[in-house]
Amino acid sequence: MATHAKGERVFRGIGVSAGVCRGKVLVLHRARRVIARREIADDAVPAEVTRFEKALSQTRRQISDVQHQVIQKMGVKEGDIFEAHLLMLEDRMLVDEVIRMIREQKTSADHAFHEVSERYTAALAAIEDEYLRERAGDMRDLTVRVLDNLLEAKSELDLRHLTEPCILASHDLSPSTTAQLDKKFVLGFATDIGGQTSHTAIMARSLGIPAVVGLQNISNELQDGDYVLLDGYNGNVIVNPTDQSLFEYGQLIKIKASLEEKLQEIKMQPAVTLDGKNITLAANIEDQNDIEAVTSGGAEGVGLFRTEFLFISRATLPTEEEQFKVYQQVAAALKPNPVIIRTLDLGGDKFSSHLQIAKEVNPFLGWRAIRFCLAQPELFRFQLRAILRASAEGNVKMMYPMISGLDELLQANALLEKCKEELRAEKIPFDEKMEVGAMIEIPSAALIADALAQHASFFSIGSNDLIQYTLAADRTNDKVSHLYEPTHPAIIRLIKFTVEAAHNRGIWVGVCGEIAGDPVLAPLLIGLGVDKLSAAPSLVAPVKYIIRRLKLSEAKALAEFAGQCQSPAEILAHCQRLARATAPSLFESES
Ligand code: PEP
Ligand code: MG
């Protein structure tokens with residue numbers, strides 16, 4: 001959508017990679033390919049199948065090359081993105097369908113492959129889940145490469161040979177093309193389609209190239225040579241920016257650079273308030289590839305290791321040995337800082353294709369997390385053993401997700417005891433004193449926190465779920481997002497009650513949901529008595545920055561006010577006022 005102001009035009013999309021750039025546009029027109037049906041003779045069928053298989057192997061080699069370059073340039077995690085491409089290439093259903101079409105319909109390999117892959121892409125694009133839907137982009141990427149190889153053509157401009165810096169505008173940009181962009185020449189890019197979790201967006205963030213996606217029709221609206229300013233923070237693309245806009249963005253760049261400098265200065269300092277209260281600040285991670293981000297972000301270890309991602313992004317279940325190696329690698333790398341491994345939290349919006357869990361009407365209220373694990377003791381046992389074995393490193397703690405009542409905690413602990421006995425019998429070392437905590441993310445758990453505290457070494461409040469279950473507002477549903485209020489008095493009371501119950505039994509409480517990484521809300525949590533916060537690695541520094549400028553007494557007064565106020569909006573306004581007064585630099589670019 002474009003708006004006009006004094007000769008400038010503003011297009012609004014989704015900012016997926018932070019930063020501001022300006023320069024001349026280069027539009028990549030990728031004409032829609034029309035692959036006409038070309039009939040082949042009976043005796044030409046075997047050669048056509050061979051031609052198709054050759055194109056597949058050629059594509060496999062190219063993708064592996066790109067993957068290799070990406071691993072070298074960006075890291076293993078980014079390289080892993082291309083595993084999805086390689087898996088699609090290996091997909092027997094897709095390959096067999098194309099071969100069947102060549103044989104039965106006597107049609108060329110390019111036509112058959114194009115037809116089948118378009119169908120796959122359309123099916124992926126229609127999926128409700130955002131993450132899976134965006135895999136359609138990976139399929140398109142692959143289709144272009146296979147067709148290029150079949151037709152011995154080159155459809156996308158070769159961006160490796162640009163000679164002048166530019167801002168790219170295109171309908172879409174494939175992850176493999178994005179991976180090969182040269183930052184010297186590609187200042188930023190803007191695309192018609194795409195979302196936050198597309199692999200193209202992930203690549204842009206890793207490369208540090210500002211990017212705006214979801215701009216609908218920008219590739220047709222812009223011409224080569226147009227002068228634009230691209231704002232990856234707020235998702236704006238401004239064509240022919242006025243002097244006023246250029247000035248404002250100049251200021252924004254300065255503000256961001258100066259904030260970055262301030263964050264760098266305190267990153268490795270302790271998270272201690274002005275009046276001496278120490279808060280442990282840890283990071284949330286999904287796998288071993290996040291270790292670097294934890295250390296460079298200034299976090300004191302890991303407060304939440306979401307282990308389900310080890311189960312989701314692969315074709316088979318990880319074995320005990322594989323899990324052990326990952327947990328041990330993380331623990332060893334971050335020693336002596338603690339690493340809290342959360343046991344499997346599958347279900348809800350996180351599914352694993354190979355576990356074949358039946359679709360439920362209310363997945364968030366269904367067979368999820370600890371419920372699923374207690375019903376699958378063999379699968380759970382492998383994970384418990386793997387975590388226990390990693391605990392020999394000495395800095396591992398473990399916690400159970402979605403505890404709703406005492407029985408679940410006792411059952412899980414009993415299973416853990418059995419695993420310990422097995423390991424003792426097998427003479428495999430583990431930490432006999434490993435702390436085991438319960439997540440508080442269901443109102444029932446918060447309300448019986450005093451009972452749970454007798455059987456747990458610590459609590460970690462999963463506020464994402466605690467808010468959704470308390471307010472009955474699905475955390476993934478935009479239509480009820482206005483009800484999803486972290487400052488609702490009910491949430492404040494549940495957190496307060498949990499903290500009091502824990503402290504009465506002498507155990508500590510952390511928060512590991514999104515609110516822990518929000519500098520506006522962190523002071524409220526600290527005022528409520530929370531001992532530890534755990535957030536995405538990139539959010540640790542801003543939270544640390546505000547803690548180091550905060551007085552515990554101010555945080556306590558805020559919590560006191562929140563405990564008596566009935567209005568979520570008023571509580572939020574107080575939080576914002578304190579945060580802005582305490583750390584104005586964090587909010588300068590917003591005003
Ligand atoms: C939470 O619910 O706050 C939490 C940290 O767990 P997840 O977001 O993985 O459900
Ligand atoms: Mg949760």
Side chains of [X] and [Y] only: does a donor on one sit below 3.5 Å from an acceptor on the other?
{"X": "Q223", "Y": "D226", "value": "no"}
{"X": "Q383", "Y": "T307", "value": "yes"}
{"X": "Q62", "Y": "N149", "value": "yes"}
{"X": "N284", "Y": "S534", "value": "yes"}

Is any side-chain heavy atom of [X] less than 4.5 Å from a side-chain heavy atom of [Y]?
{"X": "D465", "Y": "Q468", "result": "yes"}
{"X": "M203", "Y": "V70", "result": "yes"}
{"X": "L304", "Y": "R306", "result": "yes"}
{"X": "D192", "Y": "Q216", "result": "no"}
{"X": "I202", "Y": "I81", "result": "yes"}
{"X": "V294", "Y": "V540", "result": "no"}
{"X": "F311", "Y": "Q323", "result": "yes"}
{"X": "M139", "Y": "Y120", "result": "yes"}

(message) salt bridge (Lys or Arg N to Asp or Glu O under 4.0 Å) for K24 and E164? Distances and angles first, verdict last.
(response) CA-CA 9 Å; K24 284 193 182 158; E164 252 184 71; 5.5 Å; no
Is the side chain of [X] donor-acceptor paired with the backbone N or O of [Y] at a distance under 3.5 Å, no angle test?
{"X": "T200", "Y": "L173", "value": "yes"}
{"X": "K267", "Y": "G298", "value": "no"}
{"X": "S174", "Y": "T177", "value": "yes"}
{"X": "N395", "Y": "N337", "value": "yes"}
{"X": "D231", "Y": "N236", "value": "no"}
{"X": "Y484", "Y": "N464", "value": "yes"}
{"X": "K544", "Y": "Q269", "value": "yes"}
{"X": "S17", "Y": "I209", "value": "yes"}
{"X": "D182", "Y": "K184", "value": "yes"}
{"X": "E8", "Y": "T242", "value": "yes"}

Other residues, nucleotides and ligands only: do more than 12 of their heavy atoms fall within 6.0 Å of [atom1] on [X]?
{"X": "K325", "atom1": "NZ", "answer": "no"}
{"X": "K335", "atom1": "NZ", "answer": "yes"}
{"X": "Y227", "atom1": "OH", "answer": "yes"}
{"X": "Q288", "atom1": "CD", "answer": "yes"}

Verdict with reasoning, K256 to E588, per salt bridge (Lys or Arg N to Asp or Glu O under 4.0 Å)
CA-CA 9 Å; K256 293 280 182 192; E588 248 175 313; over 6 Å; no
For side chain to side chain contact (heavy atoms under 4.5 Å, CB included), just list the numbers for L230 and V20, CA-CA rounded to whole Å, side-chain angles, deciding distance to a tenth of an Å, and then say yes or no.
CA-CA 6 Å; L230 183 144; V20 174; over 6 Å; no
Enter the distance from [X]:[atom1] to [Y]:[atom2] here, rounded to the nearest 0.5 Å.
{"X": "D345", "Y": "M399", "atom1": "CG", "atom2": "CE", "answer": "9.5 Å"}
{"X": "E83", "Y": "E90", "atom1": "CD", "atom2": "CD", "answer": "10.0 Å"}
{"X": "D224", "Y": "C166", "atom1": "CG", "atom2": "SG", "answer": "9.0 Å"}

**Message:** Could you go through Y327 and E393, starting from their C-alpha distance and side-chain angles, then the distance that decides it, and tell me whether this counts as side chain to side chain contact (heavy atoms under 4.5 Å, CB included)?
**Reply:** CA-CA 10 Å; Y327 304 151; E393 291 293 326; over 6 Å; no
- Task: List the steps, then state whether side chain to side chain contact (heavy atoms under 4.5 Å, CB included) holds for R60 with H85.
- Result: CA-CA 9 Å; R60 203 170 297 126; H85 290 62; over 6 Å; no
Is there a salt bridge (Lys or Arg N to Asp or Glu O under 4.0 Å) between D148 and R145? Walk through the geometry before answering.
CA-CA 5 Å; D148 280 355; R145 282 186 180 267; over 6 Å; no
Residues at least two apart in sequence or cross-chain that pass salt bridge (charged side-chain N to carboxylate O under 4.0 Å, His left out) with R22, listed by chain then number, are none
Nearest heavy-atom contact between A282 and K532 is CB-CE, 3.9 Å
Contacts satisfying side-chain hydrogen bond (donor to acceptor under 3.5 Å, both in side chains) that involve residues 293-304 (not counting sequence neighbours) are none
ask   = How far apart are the C-alpha atoms of L168 and V25, what are their side-chain angles, what is the distance that settles it, and do they pass the side chain to side chain contact (heavy atoms under 4.5 Å, CB included) test?
value = CA-CA 6 Å; L168 297 177; V25 167; over 6 Å; no
